[in-house]
2 protein chains.
Amino acid sequence: MPDDEGHPDVAEMELGAVLSALADPLRRRVVRELATGPHGAARTCSSFALPVSKATVTHHFRTLREAGLIRQVDRGNSRMATLRREDIERRFPGLLALLAAEGAQDA
Amino acid sequence: MPDDEGHPDVAEMELGAVLSALADPLRRRVVRELATGPHGAARTCSSFALPVSKATVTHHFRTLREAGLIRQVDRGNSRMATLRREDIERRFPGLLALLAAEGAQDA
DNA sequence: CGCAAGGTACGAAAATGATCGTACCTAGGC
DNA sequence: GCCTAGGTACGATCATTTTCGTACCTTGCG
């Protein structure tokens, strides 16, 4: 039941932190790709090809992790990120659907 | 049919602007009070007793209005604010329930 | 071993956002 | 007409956030 290294528990996820995290378009893009992708998929930070430097990518993923939206697990060389889908749905039902819908009309 | 003075149309409401607006605790409090209060209620800006100056209150209400969350109508002396409940629900279903749930456990 | 790939830590610079004071405007009440 | 109450506009300040460069660490591979 632990906060392994900065992952808040389901009950400790705060709406303010979640909304602040999702206010950034880059972070919203990461969550949307995870949400619309295969269930339980684990991807590396770099696989999202964000148009910013490595240091900035680290910053954004930390924000997402500390808000409770993603889980990051060391896997040897790199660090895999997964969406905490069930946790988010339990705490903030419908939120992921809102994010998934963004940009669904075009593209 | 109009954008009367800075009220975006339903189709023009952007998720980014809405999430940014709701990232601030003061603005979230305004929307939550309107959402949990009587349907269609119109309140003045000052009736929320926000712990900030008049100028800052104006700033927050403009942010909410430009995001499409509230509608502001001049009524003689003051300016009444109403929640755009149906519009929000149509565009971002479930969002208001998320806000209303915040702080419902305590207080 | 040596080295590149993938990330993090640490500042620091730049942009954004929140806050305020003051001045100003408009409608109601006296 | 005058004054107050409720808001807005403008400009400035302060805090937060985004961004970066650089240095550093670790893992896997040749």
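All values below were derived from every heavy atom in this structure, side-chain atoms included, with hydrogens, water molecules and symmetry-related copies excluded. None of the values given here were measured: they were computed from a predicted structure.
At least one side-chain heavy atom of B:V30 sits under 4.5 Å from a side-chain heavy atom of B:L50.
For B:T44, the side chain to side chain donor-acceptor pair (under 3.5 Å) test picks out B:S46, with sequence neighbours left out. With sequence neighbours excluded, the residues forming a side chain to side chain donor-acceptor pair (under 3.5 Å) with A:D87 are A:R84, listed by chain and number. For A:R27, there are no salt bridge (charged side-chain N to carboxylate O under 4.0 Å, His left out) partners at least two apart in sequence or on another chain. In this view, A:A42 and A:M80, A:T82 satisfy the side chain to side chain contact (heavy atoms under 4.5 Å, CB included) rule, not counting sequence neighbours. Shown here are the side chain to side chain donor-acceptor pair (under 3.5 Å) partners of A:S78, two or more places apart in sequence or in another chain: there are none. Qualifying side chain to side chain contact (heavy atoms under 4.5 Å, CB included) partners for B:E89, counting only residues two or more places apart in sequence or in other chains: B:P93, B:L96.
Within the structure, salt bridge (charged side-chain N to carboxylate O under 4.0 Å, His left out) pairs that include any residue of residues 38-56 of chain B comprise B:E33-B:R43 (at least two apart or interchain). Sorted pairs that involve residues 14-24 of chain B and meet side-chain hydrogen bond (donor to acceptor under 3.5 Å, both in side chains), not counting sequence neighbours, are lacking altogether. Legend: ring pair (Phe, Tyr, Trp, His ring centres under 6.0 Å) pairs involving residues 27-50 of chain A, not counting sequence neighbours, sorted by first then second residue: A:F48-A:F61.
One can place CG of A:L19 at 17 Å from C1' of D:dT17, the figure rounded to the nearest angstrom. Regarding B:M80, its CE atom lies at a distance of 17 Å from the C1' atom of D:dT8, rounded to whole Å. Summarising the geometry, the separation between CZ on A:F61 and C1' on C:dT8 is reported as 14 Å, rounded to the nearest angstrom.
Contact check of residues 40-50 of chain A against DNA chain D (heavy atom, cut-off under 4.0 Å) returns no residues at all.
Between B:R62 and D:dT8, a side-chain N or O to OP1/OP2 separation shorter than 4.0 Å is absent. For A:R79 and C:dT8, the shortest distance from a side-chain N or O to OP1 or OP2 is below 4.0 Å.
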Checklist entry - Would B:L64 and B:Q72 count as a side-chain contact (heavy atoms from CB on, under 4.5 Å) if you check the C-alpha gap in whole Å, the side-chain angles of each, and the deciding distance to 0.1 Å? => result CA-CA 10 Å; B:L64 288 172; B:Q72 281 182 294; over 6 Å; no
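With the end axes of the helix from C:dC1-D:dG30 to C:dC30-D:dG1 each set by five pairs, the angle from one to the other reads 10° at 10° resolution.
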Checklist entry - How would nucleotides 12-30 of chain C be written as a contact map, 5' to 3', with B for base contact, S for sugar-phosphate-only contact and - for no contact, using protein heavy atoms under 4.0 Å? => result ------SBBB-----BS--
